[in-house]
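These notes are about the structure you will find just below.
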Amino acid sequence: NAGVTQTPKFRVLKTGQSMTLLCAQDMNHEYMYWYRQDPGMGLRLIHYSVGEGTTAKGEVPDGYNVSRLKKQNFLLGLESAAPSQTSVYFCASSYSPGQGPTYEQYFGPGTRLTVT
Amino acid sequence: AQKVTQAQTEISVVEKEDVTLDCVYETRDTTYYLFWYKQPPSGELVFLIRRNSFDEQNEISGRYSWNFQKSTSSFNFTITASQVVDSAVYFCALSEGEGANNLFFGTGTRLTVIP
């Protein structure tokens, strides 16, 4: 049982390049989330998904797109990276209400992205 | 407006001292959930506790205890007899309504336990 995994762990991009971050969970969670963590600002929600095929915007969605084609995977895309997107990105997953006993969010190990 | 405020940016204590990390939240919902997460130097986020708005009982788990007071909108976290392994950044978070769709995090408190 791997929990929540993220690929890659580190990445350096040049301004304007694109990339996709992959999140996978093996806990059969309905809900999945992408956060970014910046120094002194805590974690902020980028996008989330309440089920396969559905996505919704969070607090800071601009410049990102997401897809949830399979229940266990949640992809975060940067179409044209900017230095302001330099951050640590965390994926999380949780049960939905009624699906499981509790629905705290379980986090992946993070992806450190630098945009130069 | 910040929904979760952790006014203590950094705290240093000597090993075996007790330490309390403060968390003040703001919400208009009657149903909400409060969480504490630990982020050790390795970077992962570790879930510590979840408390719903209808349960004001304090909780103790080993050296950890939590004091939830709706009257002051606070959910403080105390570590008793601190250890070096407790050194980490601690985040308080809030989700509003059912579903925990969106966790609002505080900015974190960095705790350093000096041996």
Side-chain angles (χ1 to χ4, degrees), chain A residues 2-6 9-10 23 25 27 29-51 54-61 68 74 87-113, chain B residues 1-10 21-27 29 31-55 59 61 66 75 88-110:
Chain A
V4 180
T5 58
Q6 293 182 229
K9 288 186 169 53
F10 304 93
C23 176
Q25 53 95 4
M27 296 175 281
H29 286 164
E30 285 290 341
Y31 291 4
M32 295 187 75
Y33 316 80
W34 276 107
Y35 292 88
R36 59 178 289 172
Q37 183 179 23
D38 301 300
M41 298 191 73
L43 279 79
R44 292 179 293 167
L45 183 67
I46 304 170
H47 287 279
Y48 65 96
S49 167
V50 299
T54 71
T55 64
K57 294 180 180 180
E59 187 183 352
V60 288
R68 183 101 181 266
F74 194 28
S87 188
V88 180
Y89 292 85
F90 286 96
C91 176
S93 69
S94 70
Y95 290 115
S96 61
Q99 182 196 12
T102 60
Y103 41 87
E104 60 267 17
Q105 295 182 18
Y106 293 86
F107 285 81
T111 295
R112 186 174 295 277
L113 175 66
Chain B
Q2 191 76 7
K3 286 184 178 285
V4 177
T5 300
Q6 294 180 256
Q8 304 152 309
T9 306
E10 295 190 30
L21 309 182
D22 298 333
C23 174
V24 174
Y25 63 92
E26 180 182 336
T27 180
D29 284 18
T31 300
Y32 55 90
Y33 297 84
L34 295 162
F35 303 79
W36 275 95
Y37 282 86
K38 174 182 180 180
Q39 187 175 41
S42 53
E44 75 272 22
L45 281 150
V46 178
F47 166 77
L48 295 177
I49 190 171
R50 164 181 168 265
R51 171 68 72 225
N52 73 56
S53 53
F54 301 109
D55 181 3
E59 180 152 343
S61 176
W66 291 269
F75 187 44
V89 180
Y90 291 86
F91 290 97
C92 180
L94 163 75
S95 76
E96 298 170 308
E98 291 291 339
N101 282 353
N102 191 0
L103 273 180
F104 294 97
F105 281 82
T107 51
T109 297
R110 181 178 299 277

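Every value quoted in this text rests on a predicted model; they were computed, and no experiment measured them. Lettering of chains follows the sequences in order, A, B, ..., and the numbering in each one begins at 1.
- The 12-atom threshold is exceeded at CZ of Arg44(A), counting heavy atoms of other residues, nucleotides or ligands nearer than 6.0 Å.
- To the nearest 0.5 angstrom, Phe35(B) atom CZ is 7.0 Å from Gln105(A) atom CD.
- Contact of Gln6(B) with chain A is not made at all, since no heavy-atom distance falls under 4.5 Å.
- Considering all non-hydrogen atoms of both residues, Tyr35(A) and Leu103(B) come closest at OH-CB, 3.3 Å.
- Going from atom OH of Tyr33(B) over to atom CD of Glu104(A) covers 11.5 Å, rounded to the nearest 0.5 Å.
- Ring planes of Phe107(A) and Tyr37(B): perpendicular class, angle over 60° (limits at 30 and 60°).
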